[in-house]
Amino acid sequence: MSNPATPEGANAPTKATPALKDWPLWEVFVRSKQGLEHKHCGSLHAADAEHALQMARDIYTRRQEGVSIWVVPSSAIVASRPSDKGEFFEPAADKIYRHPTFYEIPDEVGHM
Amino acid sequence: MYTQALSIPDPSAKVQPIQPDEPADKLEAFQARIDADGRIEPQDWMPEAYRKTLIRQISQHAHSEVVGMLPEGNWITRAPSLKRKAILLAKVQDEGGHGLYLYSAAETLGVSRAELIEQLLTGRAKYSSIFNYPTLNWADVGVIGWLVDGAAIMNQIPLCRCSYGPYARAMIRICKEESFHQRQGYELLLTMMRGSQAQRDMVQDAVNRWWWKCLAMFGPPDSASVHSEQSMRWGIKRISNDELRQKFVDATVPQAEVLGVTLPDPKLKWNPERGHYDFGEIDWEEFWQTVNGHGPCNKERLGTRIKAHEDGAWVREGALAHARKQRERALRAAA
C-alpha cells in the first residue's frame with residue numbers, strides 16, 4: 001500500500017483509511033467465581049462467537065477473574081427505556097406489603 | 001495526561017456548552033443527578049456537549065493507552081532477564097487491554113470503533129503527549145513505570161467517580177491493574193540503584209530526562225485552563241490540574257529519596273506554611289510544541305500505528321471470511 005508524502009509527514013495517509021467492515025460488537029458477561037452470577041463487564045469487537053469468547057478471556061480475565069464467560073451480540077440485547085422508567089417500575093414502588101417490615105409479629109413468636 | 005483533552009482547547013469542537021434547543025427540564029434533571037453524585041448511563045438523555053466531550057476524552061484516553069504500548073514495547077526484545085521480559089510483556093498487554101476497555105466505553109456514546117481509529121490515524125484525535133518522547137535505555141522503562149504510570153494513577157483515581165457510568169467502571173478496572181505497573185517500574189529502578197555506578201548514573205539520567213515531562217502531563221496551570229469549569233460541573237473532571245500536579249510531587253519526593261535519585265529541580269523544597277513541596281517552572285513552550293506535533297517521536301508513533309493498522313488488514317478480513325465460511329457450512333449441514 002503506497003503512502004505518498006504529505007506536508008504532515010511521510011507516513012500520514014493523504015485521505016482517510018477506507019472504512020473497513022467492523023467486526024460486530026458483543027457484550028461480555030463474566031462469572032468470577034462458582035456460585036456467583038454472570039456480571040456485565042463491557043464489550044468488544046470480534047468476527048464470530050468463538051472469536052468473541054477468546055477475546056473476552058484475553059481482555060476481561062487477565063487476572064483469573066473468570067470461571068465462565070458469556071458473549072452476546074449487542075444487537076440481541078433488549079433494554080428497558082430510561083424515559084419509561086417511571087411507568088415501567090412505579091407499580092412496584094407502592095406495594096409496601098411486599099416487604100417483611102410491613103407486618104407486626106408479637107415478640108414471643110421469636111424469629112420469623 | 002492521558003485525559004489531556006480536558007485541559008487543552010479543542011479547535012475542532014464548535015459545540016456550545018448548552019445547545020439552544022435542549023429542554024430546560026431535561027437539563028435540570030440531568031444536572032441534579034450529577035450534583036447528587038449519581039451516574040449517567042448510555043441510554044439516558046444528556047446534553048450534546050456532554051456526549052461530545054466524553055467521546056473525545058474517552059477515545060483520546062484509549063488512544064493514549066494503545067500508543068503508550070510503543071515506548072515500552074520497544075524494550076521487550078532487549079529486557080535484561082526473562083523475569084523482566086515477562087513483566088514488561090504483561091504490562092504492555094495490560095495497556096492494550098486498557099485501551100480496549102476505554103474504546104468499549106466510548107462506543108456506548110454512539111460512535112463506532114472504525115470512526116475513532118480513523119480519527120487517530122489521520123491525526124484528528126490526540127493522545128497523551130508524554131508518549132512522544134523516546135525510551136533511550138532500560139532505565140527509561142523503570143522511570144516510565146514509576147513516574148508516568150504514577151502520574152496516570154493520580155489522575156485516574158478521581159475518574160473512578162466520573163459521572164458517566166461506563167467510563168467510571170472502566171477506570172475502576174484500570175486502577176486495579178495499574179498499581180502493578182508503578183510498582184514494577186519502581187522495583188526495577190531499586191534494583192539498578194543497588195547495582196553498579198554505571199547503572200545508578202543511567203537511572204539518574206533517565207530521571208533527569210523524564211521528570212519535567214511528567215509534571216507537564218497534568219496539563220496547563222489552572223489559570224490557563226479555560227475549559228475545565230464545564231467539565232467540573234458535569235462531574236467529568238473532579239480535581240484541578242494544579243491540585244493533581246501538587247499531589248504527585250508531594251507523593252513522589254519521598255519515593256525519590258528512598259531510591260537515592262535527585263529530582264532535577266533546584267527549586268524543589270518543602271514549604272511548611274503551605275504543607276506542600278514548592279517546585280520550579282515547567283517549560284510550557286516545549287509542552288505545546290510536542291502537543292502540536294513537533295515532539296521527538298510524534299511522526300514515528302503515528303507512523304507505527306498506521307503501519308500496524310494497514311499491515312493487520314488481512315487479519316481483520318480473514319477473521320470475517322472465516323466466520324462467513326463457518327456460518328455457510330453450518331447452514332449447509334442443517335439443510
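From a predicted model like this one, the values you see are computed outputs, not experimental measurements. The chains referred to below are lettered A, B, ... by the order of the sequence lines, with proteins before strands, and numbering in each begins at 1.
- A distance of 7.0 Å separates OG of B/Ser104 from CG of A/Leu25, quoted to the nearest 0.5 Å.
- A/Ile59 CD1 to B/Gln93 CD: the interatomic distance, rounded to the nearest 0.5 Å, is 10.0 Å.
- For residues 41-52 of chain A, heavy-atom neighbours of chain B at less than 4.5 Å comprise A/Cys41, A/Gly42, A/Ser43, A/His45, A/Ala47, A/Asp48, A/His51, sorted by residue number.
- Using a 4.5 Å cut-off between heavy atoms, B/Arg113 touches chain A through backbone and side chain atoms alike.
- Only the side chain of B/Arg173 comes within contact range of chain A, with heavy atoms under 4.5 Å apart.
- If you measure heavy-atom distances from B/Glu41 to chain A, you find no contacts under 4.5 Å at all.
- Residue contact with chain B, scored on non-hydrogen atoms closer than 4.5 Å, involves the side chain of A/Arg63 exclusively.
- Neither the backbone nor the side chain of B/Asn298 has a heavy atom closer than 4.5 Å to any heavy atom of chain A.
- The number of heavy-atom neighbours closer than 6.0 Å to CD of B/Gln43, taken from other residues, nucleotides and ligands shown, is 12 or below.
- Closest non-hydrogen pair, B/Val315 versus A/Trp23, comes out as O-CZ2, 4.2 Å.
- When the candidates B/Gln119, B/Gln326, B/Glu177 are compared by the number of heavy-atom contacts under 4.5 Å with chain A, B/Glu177 comes out ahead.
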